[in-house]
2 protein chains.
Amino acid sequence: MADSHKITISELAKRTGVSEATISRALNDSPRVKQTTKDKIQKLAKELGYHPNILARSMRTNQSKTIGVIISNIANAFFTSVVRAIEDEAAKLNYCTIVINTDENPGTERNAIEMLQGYMVSGFIIASTRRGLDYKPILGNTPAVFIDRMPNNDGDYDTLLVNNADGAKQVVNALIAQGATRIGVISSSVSTAGQERLAGYKAALQDNRLSLDESIIKFSDVQMKNVRQYTSNLLINQACDGLFTADNAILLAAMEEITARKLTGFKLGAFDNEPWFDFFNTPVTAVQQPTIEMGTRAVQLLTTRIDQPEDAGVPELLRLTVNLVKRG
Amino acid sequence: MADSHKITISELAKRTGVSEATISRALNDSPRVKQTTKDKIQKLAKELGYHPNILARSMRTNQSKTIGVIISNIANAFFTSVVRAIEDEAAKLNYCTIVINTDENPGTERNAIEMLQGYMVSGFIIASTRRGLDYKPILGNTPAVFIDRMPNNDGDYDTLLVNNADGAKQVVNALIAQGATRIGVISSSVSTAGQERLAGYKAALQDNRLSLDESIIKFSDVQMKNVRQYTSNLLINQACDGLFTADNAILLAAMEEITARKLTGFKLGAFDNEPWFDFFNTPVTAVQQPTIEMGTRAVQLLTTRIDQPEDAGVPELLRLTVNLVKRG
DNA sequence: GTGAAAGCGCTAACAG
DNA sequence: CTGTTAGCGCTTTCAC
């Protein structure tokens with residue numbers, strides 16, 4: 001039985017009488033070790049509860065089989081779902097993940113990347129904040145895949161986005177089909193996704209020959225402090241009969257105001273969908289992002305770049321499709 | 001400017017002409033280095049974009065300033081919130097976190113712990129699955145704090161729970177006050193929390209002289225596959241006029257059935273609360289767990305054990321209080 | 001106040 | 001098929 005004393009390769013070497021190198025090879029199932037030796041060593045390792053020191057291995061091999069994941073906020077349901085998918089796929093491929101929240105702060109993002117470089121992460125998956133950073137010098141040779149938002153360095157890294165403009169357009173079209181004629185919007189200015197979704201909103205108005213009124217276009221702050229005020233402003237003062245919120249955090253903040261003031265008689269739409277939107281009092285037409293696919297493919301793209309850089313080709317920009325969920 | 005070449009201590013030593021030891025001391029702000037030397041070295045380090053190799057440091061110092069966090073599922077809103085709090089407090093104390101999902105699988109939990117030992121984590125925060133594991137031999141000397149569920153090894157580790165029985169009792173009492181007389185319950189059998197909440201449910205019935213009917217006590221499976229069926233069974237066949245779900249995953253699954261079948265005329269209660277429960281069609285009376293406090297204090301307890309083991313005293317069992325949110 | 005040297009645990013040449 | 005040796009980058013005695 002394993003006592004509190006840590007079992008190392010040299011310990012195994014002592015006990016078996018073979019060299020550390022052979023132990024290492026046997027544990028890594030190298031073909032260059034006799035099967036009987038391998039068996040004996042692996043059996044002993046199991047008995048003694050040997051577990052490799054990943055840090056030592058990482059130092060030696062110069063890569064840690066760890067993926068650094070940088071997002072704005074794990075508590076945002078979109079990222080929760082993406083991160084869960086990343087963790088699952090990474091685990092499947094024998095990678096570990098370290099997740100850092102930036103709260104949309106570029107300084108935090110930068111520090112996170114540098115800190116994770118110190119962990120010798122094999123690669124990054126990043127939801128970039130405000131396009132602000134110049135990633136090339138910070139990332140160096142470390143592979144990275146960008147998700148959700150376009151990074152500053154277009155074309156230098158694999159990038160996995162959804163069709164934001166199209167999704168937003170679908171939602172707004174649906175609101176119009178439901179009878180809305182004056183649709184306010186609250187979008188986000190910190191990400192490229194917010195900008196694209198706003199463009200989709202505008203395109204839908206144009207397609208439906210509705211006039212564009214800049215005074216009913218609003219932008220949330222990062223903490224969503226102003227969203228409630230914007231919501232009542234749009235729905236009461238501005239007499240909107242529709243509201244489009246450009247992500248789920250904005251939607252939830254808007255719903256607070258809608259619920260508190262018992263606002264009715266308007267159509268609600270949102271980017272991002274969650275199963276529990278089904279239970280809402282005020283029906284919300286929303287687009288479901290392919291969060292699982294995004295997380296899974298991000299890991300696949302990244303590990304391909306890490307493990308077979310020659311197979312990876314030039315960096316790609318992929319747009320995944322979203323799915324409209326009509327309600328109300 | 002930092003080119004792609006990695007800056008190490010030996011690099012700094014070469015450039016400045018002092019020894020590696022001095023560089024190391026200067027970067028760690030040791031008092032044993034002349035101030036002018038320190039300034040010079042720190043300035044150069046910043047210029048060249050030096051960042052310490054955490055792995056090398058961890059190996060040398062025998063601890064990684066990393067916390068292993070083991071939970072069942074980050075997508076469960078309760079854990080999302082706790083984990084966010086853990087990450088924030090850990091970052092504040094200069095610790096990094098690695099989160100692993102077990103999906104309530106004891107084998108996965110065990111592997112996760114062993115794997116993280118290989119990362120030389122400084123400590124663990126664990127939401128234990130099914131009380132199944134004997135933690136002493138796996139954890140060895142690594143400090144650990146248990147959250148949400150009682151671990152097998154009572155008394156060996158700091159443990160941070162909420163007052164589950166009391167919280168459940170409060171909810172059920174509220175349902176009774178709202179007029180419910182026959183309250184079905186769907187709890188969870190995989191965690192001690194589920195058992196305690198069931199006990200609270202029973203206590204509330206007893207206090208109110210309602211009879212206990214074992215046939216309206218159900219247990220969800222891990223994937224919540226059976227919850228919808230139980231829900232309609234309880235609310236239709238069993239003619240319950242109240243339903244208590246023992247965690248938020250169960251609640252959401254039950255809400256699916258309630259919404260799909262448009263079930264009405266009953267009182268709904270739950271353990272766990274989320275702000276967006278406010279927006280639900282069917283009002284749900286729920287207890288809010290102190291997720292932030294739980295995460296924050298878990299990190300504090302753990303880092304105390306890591307950094308000042310002599311101050312930490314004997315392992316404590318703490319019960320945090322929950323907060324009833326009445327709706328409907 | 002600074003330097004020399006050892007070593008954490010592992011793997012990868014290179015020999016044989 | 002197996003052993004010897006070196007070294008990843010860092011910290012930490014022990015000298016001076």
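Protein chains get the first letters and strands the later ones, always in sequence-line order, with residue 1 at the start of each. All values derive from a computational prediction rather than experimental measurement.
- Taking a 4.0 Å limit (strictly below) on heavy-atom distances, residues 60-68 of chain A reaches DNA chain C at A:R60, A:T61.
- Residues B:R25 and B:I54 each lie close to DNA chain D; by heavy-atom proximity, the contact nearer the 5' end of the strand is made by B:I54.
- Remark: C1' of D:dC10 and OH of A:Y119 are 15 Å apart, rounded to the nearest angstrom.
- Judged by closest nucleotide on DNA chain D, A:V18 is the one of A:V18 and B:N53 placed further toward the 5' end.
- Rounded to 10 degrees, the angle separating the terminal helix axes of the helix from C:dG1-D:dC16 to C:dG16-D:dC1, each built from five base pairs, is 40°.
- Distance A:D29 CG to D:dC1 P: 13 Å, rounded to the nearest Å.
- At a threshold of 4.0 angstrom between heavy atoms, the contacts of B:T37 are confined to the sugar-phosphate backbone, with no base atom among them.
- Remark: the backbone N or O of A:A77 is not paired with any side-chain donor or acceptor of A:S81 at under 3.5 angstrom.
- Read 5' to 3', the first and last nucleotides of DNA chain C with an atom closer than 4.0 Å to a heavy atom of chain B are C:dG1 to C:dG9.
- Residue contacts shown for B:T8 are limited to sugar-phosphate atoms, with no base heavy atom under 4.0 Å away.
- For A:M120 and D:dC10, the CE to C1' distance is 12 Å, given to the nearest whole Å.
- D:dC10 atom P lies 12 Å from atom NZ of B:K14, rounded to whole Å.
- Taking CG of A:N111 as the reference point, atom CD1 of A:I70 lies at 10.0 Å (rounded to 0.5 Å).
- Between the side chain of A:R32 and the base of D:dT2, a donor-acceptor pair under 3.5 Å is found.
- Atoms NZ (A:K34) and C1' (D:dG3) sit 14 Å apart, rounded to a whole Å.
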